[in-house]
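All remarks here apply to the structure that follows.
Keep in mind that the numbers below use all heavy atoms, side chains included, and drop hydrogens, waters and symmetry copies.
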Number of protein chains: 2
Amino acid sequence: MNDIAAAALPHEDVKKRCSTCSLRHLCLPLGLDQDDIKRLDEVITQRRKVSAGQHLFRVGDAFRSLAAVRAGFFKVYELGADGREQVTGFQTEGELLGLDAISGGVHRGNALALVDAEVCVIPFDRFEDLLTGLPGLQRRFHAILSASIVTSQTLMMMLGTMRAEHRLAAFLLDLSTRLGARGRSPTLLQLPMSREDIGNYLGLKLETVSRVFSQFRREGLVAVAGRAIEILDIDRLRALVSGVLRR
Amino acid sequence: MNDIAAAALPHEDVKKRCSTCSLRHLCLPLGLDQDDIKRLDEVITQRRKVSAGQHLFRVGDAFRSLAAVRAGFFKVYELGADGREQVTGFQTEGELLGLDAISGGVHRGNALALVDAEVCVIPFDRFEDLLTGLPGLQRRFHAILSASIVTSQTLMMMLGTMRAEHRLAAFLLDLSTRLGARGRSPTLLQLPMSREDIGNYLGLKLETVSRVFSQFRREGLVAVAGRAIEILDIDRLRALVSGVLRR
DNA sequence: ATCTGACCTTGACGAAGATCAAAACATACC
DNA sequence: GGTATGTTTTGATCTTCGTCAAGGTCAGAT
């Protein structure tokens with residue numbers, strides 16, 4: 001292979017650019033102009049595949065890069081002093097992993113691929129350097145960090161004030177919205193996580209999650225077939241979350 | 001008054017600079033060199049007093065500035081669709097308010113002064129401009145945002161997995177640490193918030209908070225006199241949180 | 001085809017914490 | 001001082017969810 005051939009971008013690489021990525025309206029590049037995205041392309045050059053059941057990172061791993069989910073689904077969870085597990089989030093396409101490790105330089109959670117997944121690697125040092133020259137990207141990054149705080153607070157609200165049925169309803173609606181924004185069906189959900197993972201995320205036991213699913217099924221809110229969930233009455237689910245329906 | 005006199009900084013203003021602020025080792029300036037802090041001083045020029053019982057901002061207020069708590073104590077809380085309240089945090093000296101409003105441009109929570117308080121106003125546009133020229137400050141700001149995510153996740157863990165006594169113990173220890181870092185007694189706590197606020201923060205009812213306080217008192221962990229709390233056995237409190245003491 | 005293991009559902013029971021109620025206590029205001 | 005008002009403590013009871021246990025379903029391995 002001669003130099004010119006080596007310099008030419010193989011087909012693979014073209015697809016790996018933010019500029020042409022199908023997720024660019026959801027991910028980091030949202031709202032940036034073409035020039036800024038080109039600069040991003042120079043920094044985000046690496047992709048990494050993570051098979052289902054594999055960890056992308058674990059607690060204590062040194063933090064060098066953020067990861068943007070390109071495909072698949074991750075769960076991020078922490079282990080308490082005595083082994084209690086708390087799932088802090090489920091991340092999918094266009095969402096960032098590792099934000100909590102920026103302070104401290106060490107990963108605080110474990111990121112496990114629930115299905116075969118792929119992430120774009122964002123070397124953080126180079127990324128921070130890039131930010132100083134690109135005010136648009138800086139604003140976008142701060143917005144992402146801030147949105148991540150908002151997400152946590154919403155979950156805190158759920159854990160602190162809601163009953164089991166409200167939590168599960170809110171969970172399904174959130175998932176529905178996020179999948180819808182990614183061009184998937186907002187009513188036909190193929191859950192990548194187990195009842196136990198859901199319960200852990202919502203502060204419930206898996207039996208309770210299962211019971212509430214059954215209750216929703218009896219009430220005609222959803223159809224349940226294992227991890228395949230169909231939302232049948234989204235308005236009533238919404239009413240449940242906003243507390244209009246007390247029972 | 002002549003020009004020179006006008007240009008000279010009145011005594012008041014000298015005290016209002018980050019460079020000389022007694023909280024600079026806790027607040028935004030942490031880890032910055034003198035030159036960077038001087039640049040901060042140019043942007044953070046305004047202070048605002050907030051009396052006990054007053055709001056610094058409310059849900060829906062336009063977001064223009066972050067606020068750094070200079071003195072006093074705030075509670076930040078959100079109201080759910082049906083009026084459920086969830087306290088998302090208690091902020092004191094050196095801590096920032098309004099981070100969750102960066103994305104969205106609108107405040108997500110209500111910030112209420114629990115005692116007479118004062119904040120330094122950080123106009124966000126000018127602050128973001130400043131960041132692009134000061135990599136050190138940028139790193140510090142990202143660390144603060146990231147740390148805020150970590151704090152939320154810690155609380156999520158508490159709400160999701162811990163029992164009432166563990167939550168209250170963790171709350172007291174957190175407060176003790178933060179007050180200690182601010183040169184106050186880490187064992188003699190004067191709580192600025194009501195039992196209801198504490199309960200709301202921890203996902204408990206005020207009666208439960210009161211009962212757990214009484215239980216701790218009977219067990220010799222703390223002395224309780226209304227809102228004045230003395231931690232008597234910090235080691236046992238710590239053991240409780242880390243799950244060593246199951247009962 | 002059947003065995004195996006992981007995951008899900010359902011039931012019975014118990015415990016933690018919420019709710020309801022009343023009294024004690026503190027604080028500010030006449 | 002005495003009264004009104006808000007906060008905290010404590011008790012009795014009820015609800016929700018967790019725990020324990022058994023059985024069912026499904027996919028992949030043998």
Across the strands shown, which category fits [X] at heavy-atom distances under 4.0 angstrom: base, sugar-phosphate, nothing?
| X | value |
| --- | --- |
| Val224(A) | sugar-phosphate |
| Gly203(A) | sugar-phosphate |
| Leu204(A) | sugar-phosphate |

Below 4.0 angstrom, N of the basic side chain to O of the carboxylate: do [X] and [Y] qualify?
| X | Y | answer |
| --- | --- | --- |
| Glu95(A) | Arg70(A) | no |
| Asp61(B) | Arg58(B) | no |
| Asp197(A) | Lys75(A) | yes |
| Arg163(B) | Glu165(B) | yes |

Expressed in angstrom and rounded to an integer, what is the separation of [X] atom [atom1] from [N] atom [atom2]?
| X | N | atom1 | atom2 | answer |
| --- | --- | --- | --- | --- |
| Arg84(A) | dG18(D) | CZ | P | 15 Å |
| Arg163(B) | dG18(D) | CZ | P | 13 Å |
| Arg227(B) | dT8(D) | CZ | P | 5 Å |
| Leu159(A) | dC17(D) | CG | P | 13 Å |
| Lys205(A) | dG17(C) | NZ | P | 13 Å |
| Met193(A) | dC7(C) | CE | P | 14 Å |
| Leu202(A) | dT16(D) | CG | P | 18 Å |
| Gln215(A) | dT15(D) | CD | P | 16 Å |

Is the distance from OP1 or OP2 of [N] to the nearest side-chain N or O of [X] less than 4.0 Å?
| X | N | result |
| --- | --- | --- |
| Thr208(B) | dA16(C) | no |
| Ser210(B) | dT7(D) | no |
| Arg217(A) | dT10(C) | yes |

Side-chain donor/acceptor of Arg195(B) to backbone N/O of Glu207(B), under 3.5 Å: no

Base dG11(C) paired with Arg211(A) side chain (donor-acceptor, <3.5 Å): yes

Under-3.5 Å donor-acceptor pair between Glu207(A) side chain and dC17(D) base: no

Residue closer to the 5' end of DNA chain D, Arg218(B) versus Val209(A) (nearest nucleotide): Arg218(B)

